[in-house]
Amino acid sequence: EVHAQLERGKGVLVYGSHLGSFEVLRGVARQRPDYKIRVVLDKAHNRAMTQLLDALNPEIAAGVLDASQDGPTLMLAIKQAADEGALIALLVDRTQPGGPTQLADFFAAPAPFPTAPWLIAAVLKLPVSLAFGLYRGGNRYDLVFETFSGHGIDLPRAQRATQLAALIQRYAGRLEHYTRDAPYNWFNFYDFWNLHEQANPVSGAAGHPAVPGAVLRRRAGLGHTPGV
């Protein structure tokens with residue numbers, strides 16, 4: 001589905017995670033140099049990843065969309081990339097301080113996930129695929145693309161909260177599936193399920209309160225560099 005969308009000159013959102021190596025998208029760029037790849041990355045919080053991309057593929061590094069921009073500016077940048085027929089890649093499993101989150105059951109316990117990537121997909125009406133680069137030992141990676149929403153995401157205003165919660169729960173289920181398949185590829189080195197330090201949760205779904213992103217504290221600076 002990803003290839004078909006790009007062959008038509010249409011943009012597609014590819015959502016990765018800190019499971020395995022998202023950098024293996026470099027292999028796609030090498031095999032299909034005609035594809036435009038744009039990576040959404042907070043340059044300030046991911047300096048190591050930015051430097052790695054620059055070393056491995058300067059062209060991809062030059063096209064990084066800085067996630068630290070304000071929301072409307074970032075949205076316009078993603079839309080422009082999609083209009084150019086680009087593959088727009090971003091990591092969607094970690095919350096950001098102060099960012100809106102939604103709880104979903106993940107390995108039988110509630111964990112917070114960011115809502116912004118899914119709202120972006122809904123506003124821009126872009127198809128979404130999941131990507132997992134799973135390390136299998138030696139020099140071998142399995143690069144898995146899974147269509148999540150081939151025709152874009154629809155979140156009607158009246159049912160937005162309920163449908164957004166269900167959408168993120170479905171994503172959490174797929175992330176759990178691949179984590180079970182390759183548990184040693186998990187690169188979230190902090191308390192992913194940290195609920196006891198949260199203050200004043202405001203709303204939620206599936207029986208759980210939502211979590212303000214600012215209260216998900218990372219330990220000693222861990223969690224800024226994805227596994228490679």
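These numbers come from a predicted model, not from an experiment.
Using a 4.5 Å cut-off on side-chain heavy atoms (C-beta onward), Y141 and L134 make no contact. In this structure the side chain of V128 reaches within 4.5 angstrom of the side chain of W118, judged on heavy atoms. Between S17 and F132 there is a side-chain heavy-atom pair separated by less than 4.5 Å. Two residues are said to be in side-chain contact when any heavy atoms from C-beta on lie closer than 4.5 Å; L87 and R38 fail this criterion. When side chains are defined from C-beta on, L90 does not count as touching L65, because their heavy atoms never get closer than 4.5 Å. Within the 4.5 Å cutoff, side-chain heavy atoms of D93 are placed close to those of L91.
Across all non-hydrogen atoms, the minimal contact from L103 to P112 is CD2-N, 3.5 Å. The two residues A172 and A104 have their closest heavy-atom pair at CB-CB, 3.9 Å. Closest approach of D105 and Q169 over heavy atoms only: N-OE1, 2.7 Å. Closest heavy-atom contact between V144 and Y178: CG1-OH, 3.6 Å. Looking at every heavy atom in both residues, L13 comes nearest to I78 through CD2-CG2, 4.2 Å. Of all non-hydrogen atoms in V14 and A131, the two that sit nearest each other are CG1-CB, 3.4 Å.
R157 meets the side chain to side chain donor-acceptor pair (under 3.5 Å) test with no other residue; sequence neighbours excluded. For N185, there are no side chain to side chain donor-acceptor pair (under 3.5 Å) partners, not counting sequence neighbours. By the side-chain contact (heavy atoms from CB on, under 4.5 Å) test, P114 pairs with T95, P117, sequence neighbours left out. Residues satisfying the side-chain contact (heavy atoms from CB on, under 4.5 Å) criterion with P156, sequence neighbours excluded, are D154, Q159, Q163. Residues that satisfy the side chain to side chain donor-acceptor pair (under 3.5 Å) test with K125, not counting sequence neighbours, are absent from this structure. Remark: A122 engages I153, L155 in a side-chain contact (heavy atoms from CB on, under 4.5 Å) (not counting sequence neighbours). Listed by chain and residue number, nothing satisfies the side chain to side chain donor-acceptor pair (under 3.5 Å) test with N139 (two or more places apart in sequence, or in another chain). The salt bridge (Lys or Arg N to Asp or Glu O under 4.0 Å) search around E84 returns none, not counting sequence neighbours.
Side chain of R170 to main chain of F148: a donor-acceptor pair is present (N/O by atom type, distance under 3.5 Å, no hydrogens or angles). Of the possible donor and acceptor atoms, one in the side chain of D66 sits under 3.5 Å from a partner among the backbone N and O of S68. Judged by distance alone, the side chain of Q80 and the main-chain N or O of A77 form no donor-acceptor pair under 3.5 Å. The closest donor-acceptor contact from the side chain of S149 to the backbone of G152 lies under 3.5 Å. Distance alone, capped at 3.5 Å, places no donor-acceptor pair between the T73 side chain and the Q69 backbone.
The CD1 atom of I120 lies 6.0 Å from the OH atom of Y15; values are rounded to the nearest 0.5 Å. Note that NZ of K79 is 14.0 Å distant from CG of L74, once rounded to the nearest 0.5 Å.
Applying the salt bridge (charged side-chain N to carboxylate O under 4.0 Å, His left out) test to every pair with at least one member in residues 159-169, sequence neighbours left out, gives no pairs at all. Applying the ring-ring contact (aromatic ring centres under 6.0 Å, His included) test to every pair with at least one member in residues 89-111, sequence neighbours left out, gives these pairs: F106-F113, F106-W186, F106-F192, F106-W193. Every pair tested for ring-ring contact (aromatic ring centres under 6.0 Å, His included) that includes a residue from residues 64-95 fails, sequence neighbours excluded, so the list is empty. Within the structure, salt bridge (charged side-chain N to carboxylate O under 4.0 Å, His left out) contacts touching residues 174-188 (residues at least two apart or in different chains) are R136-D181, E146-R174, E176-R180.
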- Please assess L130 against Y171 for the test side-chain contact (heavy atoms from CB on, under 4.5 Å), listing each intermediate value before the final yes or no. CA-CA 9 Å; L130 308 182; Y171 167 72; 3.9 Å; yes
- Item | Residues L119, L164; criterion side-chain contact (heavy atoms from CB on, under 4.5 Å); working and verdict | CA-CA 8 Å; L119 296 175; L164 181 61; 4.2 Å; yes
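Residue Y184 is not grouped with residue F189 when hydrophobic side chains (ILVMFWY) are merged at heavy-atom distances under 4.5 angstrom, including chains of intermediate members. Note on L126 and L76: separate hydrophobic clusters, where clusters join Ile, Leu, Val, Met, Phe, Trp and Tyr whose side-chain heavy atoms are under 4.5 Å apart, directly or indirectly. A continuous path of ILVMFWY side-chain contacts below 4.5 Å connects V92 to V123, so both sit in one hydrophobic cluster.
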